[in-house]
Amino acid sequence: MLREDNSVFSTHPPETEMKIVHTIEELHAAVRDLKNITLVPTMGNLHDGHISLMRLAKQQGGAVVASVFVNRLQFGPNEDFDTYPRTFQADADKLEKAGVDVMFAPSEKDMYPVPQEYRVTPPDSLANILEGYFRPGFFNGVATVVMKLFCAVRPDNAIFGKKDYQQLMIIRRMVEQFALPIKIIAAEIHRGENGLAMSSRNGYLSKEELAEAPNLYKTLKVAVDKVRAGNKDIDALEKEAMDTLKARGWKPDYVTICRQYNLQKPTAEELAKGEPLVILVAATIGSTRLIDNIEI
Ligand code: AMP
């Protein structure tokens, strides 16, 4: 159709509809003509934290692909794989509203048509500490599914939240070591007004636990403020934070202050020189295990 000035315009509204695909084959067809793809992997049950990643993905200027897949490989036998909330329609609505171009929501059979026997095994020094120590095999499952998603989507960029700090670092190293042509972008932790980091697992909390949960962040913040004020006795600060949490009824797995780069303990020299640090925590309230961290 011609406008008055003779320029052409379409009688159809612009293509804004999000494509939803389930198989890797459908995915390949959906991304074939997309340019500058940013991938945001998730396990669904999307909250504002996830949506902040979608916004960051949109800011990259190209197409956005979001995956929603609860990955059995990264769950331990006694973890919440079966009960992990699956909210497909609500997730699809949120992703579409956020302007995502393609939602990849494979079933287990779509993702693992035969048992996934080839695995990506990150080194013990990164993967068997902290989360990996308390959740054996977790990062093997994460690295394997992320590698598979990277191969299936072939994105230019991929976004991971700092909420899962060790995961972000392990994926960064994986990309470096395999020379994958993908830029990894870190998203800041999205918190509620009370400081509680948004998490799908917050939905498991009772009213009382939800009221207590922000103290996880507050306890970290107390330690962070002390480090920033010049306190270098990180062992004592970790213990103090563990004791605070225990006294409040938490079962902490760890509180650790370590180097951002490789999550190892800083030397006294590095501490003196102002090495970038991060404090990380994992603790259970009731029967829900939460993680959080703050960069220092
Ligand atoms: P998940 O669905 O828990 O696997 O999370 C998918 C992605 O969203 C991961 O990269 C997480 O680190 C990120 N994410 C989850 N919660 C938050 C949050 N509160 N702030 C920022 N990123 C988050």
Side-chain angles (χ1 to χ4, degrees), residues 14-75 84-112 141-164 167-168 170-172 174-175 180-190 197-203:
E15 258 296 279
T16 52
E17 236 173 64
M18 180 177 75
K19 278 198 187 116
I20 301 178
V21 295
H22 299 284
T23 66
I24 291 180
E25 214 181 335
E26 288 170 349
L27 175 68
H28 281 158
V31 300
R32 190 167 300 134
D33 297 325
L34 298 182
K35 296 272 173 315
N36 189 15
I37 298 176
T38 299
L39 170 67
V40 187
T42 82
M43 296 205 301
N45 193 227
L46 302 178
H47 49 66
D48 287 352
H50 294 115
I51 301 308
S52 71
L53 270 57
M54 305 304 157
R55 273 199 298 274
L56 190 55
K58 291 289 287 180
Q59 285 166 19
Q60 307 311 308
V64 178
V65 176
S67 63
V68 170
F69 180 61
V70 184
N71 174 39
R72 186 190 288 275
L73 301 188
Q74 71 193 64
F75 284 77
Y84 198 87
R86 287 152 172 93
T87 53
F88 173 79
Q89 197 50 55
D91 291 347
D93 294 345
K94 286 178 192 169
L95 292 177
E96 169 137 51
K97 200 163 156 232
V100 167
D101 298 284
V102 178
M103 174 186 188
F104 176 46
S107 70
E108 247 194 304
K109 270 265 165 284
D110 294 326
M111 200 62 181
Y112 303 125
V142 168
T144 301
V145 77
V146 170
M147 180 65 103
K148 194 154 184 172
L149 287 167
F150 284 174
C151 294
V153 178
R154 280 167 279 168
D156 300 277
N157 313 303
I159 297 188
F160 292 84
K162 288 188 185 178
K163 165 85 187 345
D164 299 274
Q167 165 174 289
L168 168 66
I170 285 175
I171 300 300
R172 274 195 193 290
M174 179 178 86
V175 165
L180 301 178
I182 300 171
K183 181 173 154 202
I184 301 299
I185 300 169
E188 295 303 326
I189 300 179
H190 200 75
M198 304 222 167
S199 164
S200 299
R201 291 192 169 98
N202 292 350

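Just so you know, residue 1 is the first one in the sequence shown, and it goes up from there.
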Colleague: Taking Thr42 for the side chain and Ser67 for the main chain, is one N or O donor matched with an acceptor at less than 3.5 Å?
Modeller: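 Yes; at least one donor-acceptor contact below 3.5 Å.
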Colleague: Any sub-3.5 Å donor-acceptor pair from His22's side-chain atoms to Pro106's backbone N or O?
Modeller: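 Answer holds: no.
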Colleague: If only atom types and distance count, is the side chain of His190 paired as donor or acceptor with the main-chain N or O of Met198 below 3.5 Å?
Modeller: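 Not at all, since once roles are kept as given, no pair shorter than 3.5 Å links the two residues.
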Colleague: Counting C-beta onward and ignoring hydrogens, is there a side-chain heavy-atom pair between Ile171 and Val142 closer than 4.5 Å?
Modeller: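 In short, these two side chains touch, coming nearer than 4.5 Å.
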Colleague: Where the side chain of Arg86 meets the backbone of Asn45, is there a donor-acceptor pair that is under 3.5 Å apart?
Modeller: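 Checked: no pair found.
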Colleague: List in chain and number order the residues that pass side chain to side chain donor-acceptor pair (under 3.5 Å) with Asn202, two or more places apart in sequence or in another chain; answer none if no residue qualifies.
Modeller: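 Side chain to side chain donor-acceptor pair (under 3.5 Å) list for Asn202, sorted by chain: empty.
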Colleague: Quick check against the 3.5 Å criterion: does Asn36 have a side-chain atom that pairs as donor or acceptor with the backbone of Gln60?
Modeller: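 Checking the backbone N and O of Gln60 against the side chain of Asn36, a donor-acceptor pair under 3.5 Å is found.
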Colleague: What pair of heavy atoms forms the shortest contact from Gly44 to Val68, and how long is it?
Modeller: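 Reported closest heavy-atom pair: CA-CG1, 3.6 Å.
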Colleague: List the residues meeting ring pair (Phe, Tyr, Trp, His ring centres under 6.0 Å) with Tyr112, not counting sequence neighbours, and say none if there are none.
Modeller: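 Here the qualifying residues are Phe69.
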Colleague: Can you tell me if Lys58 uses its side chain to pair, donor with acceptor, with the backbone of Gly99 under 3.5 Å?
Modeller: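 Yes; judged by distance alone, with no hydrogens or angles, the pair exists.
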Colleague: Counting distance only, does the side-chain N/O of Asn71 pair as donor-acceptor with the main-chain N or O of Met43 below 3.5 Å?
Modeller: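 Judged by distance alone, no pair lies under 3.5 Å.
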Colleague: Is Leu149 close to Leu39 at the side-chain level, that is, under 4.5 Å between some pair of heavy atoms?
Modeller: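 Sidechains of Leu149 and Leu39: in contact.
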Colleague: I'd like to know if the side chain of Gln167 and the backbone of Asp164 have a donor-acceptor N/O pair within less than 3.5 Å.
Modeller: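 Pair absent, no side-chain N/O of Gln167 close to backbone of Asp164.
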Colleague: Please determine whether the number of non-hydrogen atoms from other residues, nucleotides or ligands lying under 6.0 Å from atom CD of Glu108 exceeds 12.
Modeller: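 Yes, because the 6.0 Å sphere around CD of Glu108 holds more than 12 heavy atoms from other groups.
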Colleague: Heavy-atom distance under 4.5 Å between the side chains of Leu27 and Val102, does that happen here?
Modeller: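 Touching, per the 4.5 Å side-chain cut-off.
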Colleague: For a 4.5 angstrom cut-off between non-hydrogen side-chain atoms, does Asp101 reach Val65?
Modeller: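 No, too far: nothing below the 4.5 Å cut-off.
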Colleague: Using atom types as modelled and distance alone, determine if a side-chain donor or acceptor of Lys94 lies under 3.5 Å from a backbone N or O of Leu46.
Modeller: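 Yes, the answer is positive, given that a donor and an acceptor are paired below the 3.5 Å cut-off.
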Colleague: Apply ring pair (Phe, Tyr, Trp, His ring centres under 6.0 Å) to His47 and list each qualifying residue two or more places apart in sequence or on a separate chain.
Modeller: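 Result, ring pair (Phe, Tyr, Trp, His ring centres under 6.0 Å) vs His47: His50.
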Colleague: Just wondering, do Phe104 and Lys19 contact through their side chains at under 4.5 Å, heavy atoms?
Modeller: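 No; the side chains remain at least 4.5 Å from each other.
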Colleague: Could you tell me whether the side chain of Val21 reaches within less than 4.5 Å of the side chain of Met103, counting heavy atoms only?
Modeller: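 Answer no - side chains too far apart.
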Colleague: Does the plane of the ring in Phe160 sit parallel, tilted or perpendicular to the ring in Phe150? Use 30° and 60° as the thresholds.
Modeller: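 Aromatic pair Phe160/Phe150 classed perpendicular.
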Colleague: Is it the case that the side chain of Ser52 and the backbone of Gly49 share a donor-acceptor pair, with hydrogens and angles ignored and the cut-off at 3.5 Å?
Modeller: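 Judged by distance alone, yes, a pair lies under 3.5 Å.
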Colleague: Is any side-chain heavy atom of Leu95 less than 4.5 Å from a side-chain heavy atom of Met54?
Modeller: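 Leu95 reaches Met54 side chain to side chain.
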